[in-house]
Amino acid sequence: MPTPSKPQDFIRQTITNDLSNKKVSSITTRFPPEPNGYLHIGHAKSICLNFGVANDFNGQCNLRFDDTNPDKENPEYISAIKKDVEWLGFQWSNLFYASSYFDQLYDFAVQLIKLDKAYVCSLTAEEAREHRGSLTSAGKNSPYRSRSIEENLDLFSQMKAGKFDDGTQVLRAKIDMASPNINLRDPIIYRIRRADHHQTGKTWCIYPMYDFAHGLSDAIEGITHSLCTLEFEDHRPLYDWFLDQLKTPAHPQQIEFSRLNLEYTITSKRKLNLLVTNHHVESWDDPRMPTISGLRRRGYTANAIKDFCDRIGVTKVENTIEMGVLENCIREDLGEKAPRALAVLNPLKITLKNYPDDQTESLNAPNHPQKEEMDSRKVPFSKTLFIDRDDFREQANKKYKRLVLGKEVRLRYAYVIKCEEVIKDENDNILELICSYDAQTLGKNPEDRKVKGVIHWVSAEQSIESEIRLYDRLFNVANPASEEDFESTINPNSLKTLKKCRIENSLNNAQPSQAYQFEREGYFCLDSSANKTDIPIFNRIVTLRDTWAKIATKG
RNA sequence: UGGGAUGUCGCCAAGCGGUAAGGCACGGGGUUUUGAUCUCCGCAUGCCCAGGUUCGAAUCCUGGCAUCCCAGCCA
C-alpha cells in the first residue's frame, strides 16, 4: 500500500476501493507500447504509473507489445523499449506480445460472427467513410450489414485464407450506425494486410484493430486495471462492448489519465521519428531528444526521471509541465551524488609570474563539498593555468565577483591571485593574463583583506583537452506540437560544440554512466558515442542554477 | 439541436460539506573557497462564472462559460 502520508492519485484511490470492495483480489497492470518508435518521457509517466501501481499493491505488471500493425513496427524498437524499461529500473512480471494472441483473437471474432454481432463488409475505405456520417449526423448502415451468419463465417475464413486483396474486405462489429459515439458505428475489427510481421512472419494476412485486440489481450492476461491516456476515453464503451459480448475470463477496467506535455518539447512518436528521418537530430538517442535513450545519453538518471513522474502527478487534467521541473529533478539527484571536478570551457591562459618555473603542487580537492565520505582527489597546480574567459574582465562593478585587472580572486581549492597585466594581440583580443599569487592563502583566507570571488581553473600542462557539447531546448516555442509546421520552430542553436576545452586529469577514466559536476558550470557526463582513442566528449546535462545570470540579464 | 471529458496560485497538485496541503517558479534575509548547495521568511479572505441548498460550500443542486478529445482499414 502507498504510504498514507502521501496522497494517492485517483487511480490508486479507485484500486484501493476495488480491493476493499472485493471487486478484485489482486492487481495486474500492463505497459503496452507499440514497437513503432522509441520510448519518450511521456511513456516514462505511463511506465512509472503501471509498474508503480503494481508495486504499491503487490501486484504484477506485464510488458506487452501491442503489435497489431506490422506496417509500422520493427524489431529494433522492441529491443530499445525493453532496454529503456529495464534501465528505468522496472521488471516486468511477463513479457507478452499481442501477436501471440492472434489465434485466440481470431476465435473471438468468429464467436462474434456466430452471435450475429459482426459481419464482413465489402465497402471500399472511401464508401465506408461516407457511410460513417459526421460528428453531428448519424451514419448509414452498410449494404453488407445483413449478410447471414453462414456467409460471414465463410467470408471471414476466406479473408484469413488470403482469398481477397488487401483492403477489399473488413470484419466489422455490428453495433449502431446512429450512435453519437463514432467509435460505436460498426467499427472495423479486422483488416486485410499482406505484410511480414516481425513476430508471426507470413502466418497472417489479416490483422486485428486496436480496439478489438487491446481489451481482449487485457482480458486474456487477467489485467485488472487497464490504464491508458485520455484520448481513449471515447473508446471505453467499445472496450466494454467486446468484453460483454464475448465469454472472456475477466473484464478489466479501463481508466484514463492525461498524457504528459512538456514545454519546448514534443512527445509524439510520429514527430520524433520525423526529427530523426529529416536529420534535425543525430538519432533517436540524440541528447536533445526527449526519448528515454536520449535523456540517458544526455546524462539524466533513472532516479531523476522517476522523481519527475512522481512530482507531476496523475490526473485527468490536460497539463503542460515546465522544463524547470525536469531540470530540477536531475539537479537534485546529481547535486547529491555527482563528484565535483574542474573544467574550463573557454580557456584563457594565465601565468603566475611569482610562482617557481618548474614547480608543481598536488592540491587536495574534496569530491563533494558536503560529503566527506566521497573522499578527495589531487589536482595539479603549476605556474601556467587556464581560467574561463567569462571569469575575467578588465573592469567591472562591485557586483562582479570574479577576476578583474588589478584585483584579486580565489582559485578554487588553491591560492588567491591578483591580475597584474593583460596581454593582447594587435586586434585587442586578450591572449593571456599575467598574475601573481599569494603563497600564504592556500587553505586560508588573508587576514587583512576580503577576497569575495572564487573561480575554477586547470593546470595548462597537466589537464586534458576535451570537446564539450552544450544543449539548449530543441524548439523555440513552448508548444511546438500546436504549430502548423513544427519543424520550422526548431531551435537552430540547440547544440553548441566547444572544442579545446580543458578538463582536469582525474577525468581521464570517466565513464558515460558517471555524471560529474564541473564546478560553477553544471553537470556533465562523457558521451557514450565517444571513441576512447579520440579526445573525450562531454555532454552538458544541465546547468547549475544561476542567480548571477538572472542578475546579469536584469542589468 | 452530436458525443466524451476537464476547469483550485505563473506551472503542476492535495482537497471527497467544517472554514485552501505540498512541489516547481517567483520575491526577500542568512551561511558558504561553487553567484551552487543548505537555511529562514513571503507568496489564493480565494477554488471558471452566476444563482440556490446549508449554521457552514472548492466540495451538494441548477444554469451558464471556457478549453481539450473523437468522423484511420493507426495506436
Side-chain angles (χ1 to χ4, degrees), chain A residues 6-9 13 32-34 36 66-69 71-72 121 123-125 128-130 132-139 166-172 178-185 187-193 206-207 209-211 213-214 228-237 256 258 263 269-270 310-329 331-332 335-336 340 342 368-370 399-402 409-414 416 441 443-445 451-456 517-522 543-552:
Chain A
K6 193 173 148 192
Q8 292 186 352
D9 56 70
Q13 287 178 24
E34 183 188 12
N36 65 345
D66 216 339
D67 55 348
T68 56
N69 184 2
D71 284 346
K72 292 184 175 174
C121 180
L123 251 24
T124 65
R129 193 183 324 124
E130 286 161 6
R132 197 150 34 229
S134 76
L135 291 177
T136 53
S137 61
D166 285 11
T168 56
Q169 314 288 340
V170 292
L171 183 70
R172 292 228 252 169
S179 173
N181 182 345
I182 289 183
N183 295 122
L184 263 22
R185 318 243 261 230
I188 292 169
I189 59 189
Y190 264 93
R191 76 282 211 183
I192 303 173
R193 185 109 319 155
I206 57 172
Y207 291 95
M209 298 288 288
Y210 167 83
D211 287 304
H214 199 89
C228 64
T229 43
L230 250 31
E231 65 270 27
F232 293 103
E233 214 152 16
D234 288 341
H235 295 240
R236 181 159 22 104
E256 310 83 15
S258 51
E263 278 190 346
K269 274 195 271 187
R270 190 184 67 79
D310 273 349
R311 293 191 197 200
I312 62 177
V314 178
T315 66
K316 297 185 70 126
V317 185
E318 293 281 353
N319 61 81
T320 304
I321 310 294
E322 293 172 341
M323 256 306 182
V325 180
L326 217 207
E327 292 177 343
N328 184 64
C329 289
R331 279 195 193 107
E332 210 167 282
E336 175 105 347
R340 314 286 119 132
L342 299 177
H368 189 111
Q370 282 85 31
K399 280 187 188 170
Y400 187 80
K401 305 198 299 185
R402 308 180 189 184
V409 80
R410 156 79 61 186
L411 293 181
R412 181 79 162 155
Y413 306 131
V416 169
T441 56
K444 55 177 184 279
N445 284 321
V451 178
K452 54 185 173 180
V454 181
I455 63 174
H456 59 285
Q517 184 196 99
F518 290 175
E519 295 208 40
R520 303 208 314 126
E521 293 289 358
T543 61
L544 254 25
R545 199 175 272 117
D546 191 355
T547 50
W548 165 246
K550 271 179 208 163
I551 296 164

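Here is how names work: the chains are called A, B, and so on, in the same order as the sequence lines, proteins then strands, and each is numbered from 1. We use all heavy atoms of the structure for the numbers below, so side chains are in, but hydrogens, waters and symmetry mates are not.
- Among the heavy atoms of the strands lying under 4.0 Å from A:Thr315 are primed sugar atoms or P, OP1, OP2 only; no base atom is included.
- Out of B:G35, B:A75, B:G2, the shortest distance to the side chain of A:Met209 is found at B:A75.
- B:G42: Watson-Crick or G-U partner is B:C26, with both key distances under 3.5 Å.
- Applying the 4.0 Å criterion to OP1 and OP2 of B:U33, one finds that A:Lys452 has every side-chain N and O outside that range.
- Protein atom CG of A:Asp211 is 14 Å distant from nucleotide atom C1' of B:A71, rounded to whole Å.
- Scanning all heavy atoms of the two residues, the minimum distance from A:Val451 to A:Arg410 falls at CG1-N, 3.6 Å.
- Both distances falling under 3.5 Å, in either a Watson-Crick or a G-U wobble arrangement, occur for no nucleotide opposite B:U54.
- Using a 4.0 Å cut-off, some side-chain N or O of A:Arg191 falls inside it from OP1 or OP2 of B:C74.
- Between A:Arg185 and B:C70, a side-chain N or O to OP1/OP2 separation shorter than 4.0 Å is absent.
- Using a 4.0 Å heavy-atom criterion, one finds that A:Tyr413 contacts the bases of the nucleic acid, with or without backbone contacts as well.
- Applying the side-chain contact (heavy atoms from CB on, under 4.5 Å) rule to A:Ile321 yields the partners A:Leu260, A:Leu262, A:Phe308, A:Ile312, A:Asn319, A:Val325; only residues at least two apart in sequence or on another chain are considered.
- Under the 4.0 Å criterion applied to side-chain N and carboxylate O atoms, A:Lys316 and A:Glu233 are assigned as salt-bridge partners.
- Across all strands shown, nothing is found opposite B:U59 as a Watson-Crick or G-U wobble partner with both distances under 3.5 Å.
- An anti base is found at B:G22: its glycosidic angle is more than 90° from 0.
- Distance from the side chain of A:Glu322 is smallest to B:C11 among B:C11, B:C69, B:U34.
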Between N or O atoms, less than 3.5 Å apart, protein on one side and nucleotides 39-44 of chain B on the other: list the pairs.
none

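- Side-chain atoms of A:Gln370 stay outside donor-acceptor range of the base of B:C38, with no qualifying N/O pair under 3.5 Å.
- Side chain of A:Ile312, nearest nucleotide from B:C12, B:G23, B:A75: B:C12.
- A:Leu123 comes within 4.0 angstrom of a base, heavy atoms only.
- The base of B:G4 has none of its N or O atoms less than 3.5 Å from a complementary donor or acceptor on the side chain of A:Asn181.
- Among the atoms of the strands shown, base atoms are found under 4.0 Å from some heavy atom of A:Val170.
- Considering only the side chain of A:Trp548, B:G35 comes nearest among B:G35, B:A36, B:A71.
- Nucleic acid contact for A:Arg412: base, since at least one base atom lies under 4.0 Å from a heavy atom of the residue.
- Straight-line distance from the CD1 atom of A:Ile455 to the C1' atom of B:A36: 16 Å, rounded to whole Å.
- Using a 4.0 Å heavy-atom cutoff across all strands shown, A:Gly167 reaches at least one base atom of the nucleic acid.
- Among the atoms of the strands shown, base atoms are found under 4.0 Å from some heavy atom of A:Phe232.
- As judged by a 4.0 angstrom heavy-atom cut-off over every strand, A:Gly139 is placed among residues making no nucleic acid contact.
- Among B:A5, B:A75, B:C70, the nucleotide with an atom closest to any side-chain atom of A:Lys316 is B:A5.
- Taking the 5.5 Å centre cut-off and the 30° plane limit, the aromatic side chain of A:Tyr210 is not classed as stacked on B:A75.
- Across all strands shown, A:Phe518 has no heavy atoms under 4.0 Å from either base or sugar-phosphate atoms.
- Between A:Asn319 atom CG and B:A13 atom P the separation is 5 Å, expressed in whole Å.
- Closest to the A:Ile321 side chain, of the nucleotides B:G35, B:C12, B:G4, is B:C12.
- Here A:Thr68 lies in heavy-atom contact (under 4.0 Å) with sugar-phosphate atoms only.
- The base of B:G35 lies close enough to the side chain of A:Arg402 for a donor and an acceptor atom to sit less than 3.5 Å apart.
- For A:His235, counting side-chain heavy atoms from C-beta on, the closest listed nucleotide (B:A75, B:G23, B:G4) is B:A75.
- With hydrogens and angles ignored, a donor-acceptor pair closer than 3.5 Å exists between the side chain of A:Gln517 and the base of B:U34.
- Rounded to the nearest 0.5 Å, atoms OH (A:Tyr210) and CD (A:Glu34) are 11.0 Å apart.
- Here the nucleotide nearest the side chain of A:Pro369, chosen from B:U34, B:C24, B:G72, is B:U34.
- Note: CD (A:Gln169) to P (B:C73) measures 15 Å, nearest angstrom.
- Residue-level contact check: A:Thr124 touches the bases, meaning some heavy atom is under 4.0 Å from a base atom.
- Rounded to whole angstrom, the span from the CG atom of A:Leu135 across to the P atom of B:G2 amounts to 10 Å.
- The base-pairing partner of B:C68, taking Watson-Crick or G-U wobble contacts with both distances under 3.5 Å, is B:G4.
- The side chain of A:Arg132 places an N or O atom within less than 4.0 Å of a non-bridging phosphate oxygen (OP1 or OP2) of B:C73.
- Listed nucleotides B:G35, B:C24, B:A75 differ in distance to A:Arg520; the shortest reach to its side chain belongs to B:G35.
- If you find the closest nucleotide of RNA chain B to A:Asp546 and to A:Gln13, the one lying nearer the 5' end belongs to A:Gln13.
- At the heavy-atom level, A:Ser137 lies nowhere under 4.0 Å from the strands shown.
- Rounded to whole angstrom, the span from the CG atom of A:Leu230 across to the C1' atom of B:G7 amounts to 13 Å.
- In this structure, of B:C24, B:C73, B:C70, it is B:C73 that holds the atom nearest to the side chain of A:Ile188.
- In this structure, CG of A:Asn328 is placed 11 Å from P of B:G23, rounded to the nearest angstrom.
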